[in-house]
Amino acid sequence: MRKIKELTPSSFLKLLFAFFTVAFLLGAVIMPDRSSMFSGLWSIVSQPSKVSTNYFAVGGYAGAFLNAGLVCLICTLLYYGLKATANAASVIGFLLTAGFSFWGINVLNLWAGFLGVLLYCLVKREKVNTQVNAMLFSTGIAPLITDLMIRYPNAEVVGFTWQGILLSLFIGVIIGFVLPAGLAHSPKVHKGFDLYSAAVPIGMTAFFLRAILYQVLGGELPAAPSADLLKVASWPVANFFCFAVFGICVLAALLMGCQPKDYWKLLKDSGHGADFSQKYGTATFLMNVGVYGLFIVLYYNLIGATFNAVTFGCIFCMLACCCSGSHPGNVWPIMAGYVLASFVGKWLFVGAGEYTQAINAQAIVIGLCFANGLSPISGKYGWWAGILAAMLHFGLVTSVPLLHGGFCLYNGGFTAAFVCLVLVPQLERFCKTKEERLAVK
């Protein structure tokens, strides 16, 4: 443990990536349907992955874990092989990619974006190891790459064709090529209050491509996956895996010397512009990984979420901000705001049909996952601002997919950017931050 504690933050983060990779690969081996993991993996890479595709239903539990483990292995090897420096943005990119490996990303649809980023580096004469984060973020439109390969311009799957493969490579390279510039500009849009900063360029690119491919060129926009697929779920698989992995993180943090007072300091951090591994040390950061991960799992249990692959992936997507600003202290107002918005919406509902915005509805479960990216708002201005931001996000998140056709995996983070555009200027103009209020006292 002493050697681990003495690692630089970058080396420690890469070791953490390797830990998650091994955990997912071991998960594939211990699943009851492990004998069909390879056939399940083929089903995953050869079928549409449009939001929200439940990989537990498509490829089985072992196939889904194998896909996630291999995707994480590829990402980890990029950091080690290219000697890239891992930071808070790397944690977001890695854990987002890991989470979406259960419902959108697979070992086949991520390469085109990687090639685009590589082309960017060649054109700009930049070192590839400085753009590994961008490579991971380029997977945010991975479902579109699969669709282009196996069914565009049709709504039904026709299988792999040379035309589809070439088109997907062309579009993927464009995505990866323009992304680094977008990533650099994105923080100026939301002033650091949307932790899923990459969602802005990814969402806008998906919006543009949806318009070109399915409006201008007349492609037939496929429907969302059948809701019946989401019923394939397992409470034991999701909970036992998460409690084991996050429990190991907590135990390791204690063995590394993390003290309660150290973590208490982190819990009082606003989370705005933060890098917890640099600011508080790797042991305290690892404690946040474990505690925040358990906090997320307990929330989903409390609201009665269905633990399919989508919900399971959301746990890791939500955990992605554990180094860059999110912790239980500034995320609970976001959760409370979602719960409040759901009940208020049901009370005011005037439709003739069934109310579909229940707090445990799949779309709302996904929405909350990315609403946590607004946690710096509650950390900076107070719990009431976090609740307000979450309620605004709740109202928008199910409408934003109309812009990108369901191909942007970062839909909730894209929605958070819209919330920031509306709310942050008002907060800056009319409200004092917690530090300013404390100074007045």
Side-chain angles (χ1 to χ4, degrees), residues 1 4-5 12-31 61 64-65 68-69 72 75-76 88 90-92 94-102 195 233-260 262-264 266-267 271 276-277 280-303 305 307-332 334-335 365 368-370 372 375:
M1 278 298 174
I4 295 177
K5 188 177 181 179
F12 181 81
L13 292 179
K14 286 189 277 189
L15 182 63
L16 183 65
F17 299 164
F19 166 71
F20 279 112
T21 299
V22 172
F24 289 131
L25 290 174
L26 285 176
V29 174
I30 64 176
M31 289 296 124
Y61 296 98
F65 273 91
C72 289
C75 296
T76 302
S90 306
V91 176
I92 295 178
F94 181 87
L95 288 178
L96 278 177
T97 306
F100 283 123
S101 295
F102 287 92
L195 296 180
S234 175
W235 185 95
V237 166
N239 279 269
F240 290 165
F241 183 88
C242 289
F243 273 91
V245 169
F246 299 142
I248 290 172
C249 291
V250 171
L251 179 61
L254 292 173
L255 293 176
M256 288 172 62
C258 178
Q259 300 293 325
D262 299 327
Y263 189 55
W264 181 248
L266 186 149
L267 288 175
F276 290 156
S277 65
Y280 297 102
T282 53
T284 305
F285 156 68
L286 185 60
M287 179 62 75
N288 192 50
V289 175
V291 173
Y292 184 41
L294 292 172
F295 183 70
I296 297 167
V297 176
L298 290 172
Y299 169 81
Y300 281 141
N301 276 281
L302 184 63
I303 65 171
F307 282 97
N308 49 41
V310 178
T311 302
F312 183 73
C314 281
I315 293 171
F316 294 92
C317 291
M318 193 170 180
L319 182 68
C321 298
C322 63
C323 188
S324 54
S326 288
H327 54 72
N330 61 13
V331 169
W332 75 260
I334 307 296
M335 293 177 170
V365 167
L368 184 276
C369 161
F370 292 95
N372 98 102
S375 54

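For the single chain, residues carry numbers from 1 onward in sequence order.
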Exercise. Given Cys322 and Val91, is the side-chain contact (heavy atoms from CB on, under 4.5 Å) satisfied, shown in steps?
Worked result: CA-CA 8 Å; Cys322 63; Val91 176; 4.0 Å; yes
Quick check: do [X] and [Y] have side-chain heavy atoms less than 4.5 Å from each other?
X      : Y      : value
Tyr299 : Val331 : no
Leu368 : Met318 : yes
Phe370 : Leu96  : yes
Phe24  : Phe241 : yes
Phe20  : Leu319 : yes
Phe94  : Cys72  : yes
Phe285 : Leu16  : yes
Phe312 : Cys242 : yes

Exercise. Could you go step by step and tell me if Ser375 and Leu195 meet the side-chain contact (heavy atoms from CB on, under 4.5 Å) rule?
Worked result: CA-CA 8 Å; Ser375 54; Leu195 296 180; 3.5 Å; yes
Nearest 0.5 Å please: distance from the [atom1] atom of [X] over to the [atom2] atom of [Y].
X      : Y      : atom1 : atom2 : answer
Cys323 : Ile92  : SG    : CD1   : 8.0 Å
Met287 : Cys249 : CE    : SG    : 10.0 Å
Met31  : Leu26  : CE    : CG    : 10.0 Å
Ile4   : Leu15  : CD1   : CG    : 5.5 Å
Ile315 : Leu294 : CD1   : CG    : 10.0 Å
Ile248 : Leu255 : CD1   : CG    : 11.5 Å

Exercise. side-chain contact (heavy atoms from CB on, under 4.5 Å) between Met256 and Phe12: does it pass, once the steps are laid out?
Worked result: CA-CA 12 Å; Met256 288 172 62; Phe12 181 81; 3.7 Å; yes
For this session: Consider only side-chain N and O atoms of Thr284 and Asp262, and report whether a donor and an acceptor are under 3.5 Å apart.
Result: no
Problem set entry | Polar side chain donor-acceptor pair, Thr311 to Asn308, under 3.5 angstrom |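 A pair is found: one side chain offers a donor N or O, the other an acceptor, under 3.5 Å apart.
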For this session: Walk me through it: do Phe65 and Val29 pass the test side-chain contact (heavy atoms from CB on, under 4.5 Å)?
Result: CA-CA 9 Å; Phe65 273 91; Val29 174; over 6 Å; no
To check you understand the geometry: which heavy-atom pair defines the closest contact between [X] and [Y], and what is its length?
X      : Y      : answer
Thr97  : Cys75  : CG2-SG, 3.9 Å
Tyr61  : Ser234 : OH-CB, 3.5 Å
Phe307 : Ala238 : CD2-CB, 3.5 Å

For this session: Assign the ring pair Phe316 / Phe246 to parallel, tilted or perpendicular, where the plane angle (0 to 90°) is split at 30° and 60°.
Result: tilted
Problem set entry | Any donor-acceptor pair under 3.5 Å from Tyr300 side chain to Val365 backbone |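 Yes; judged by distance alone, with no hydrogens or angles, the pair exists.
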Exercise. Where the side chain of Asn288 meets the backbone of Ser326, is there a donor-acceptor pair that is under 3.5 Å apart?
Worked result: yes
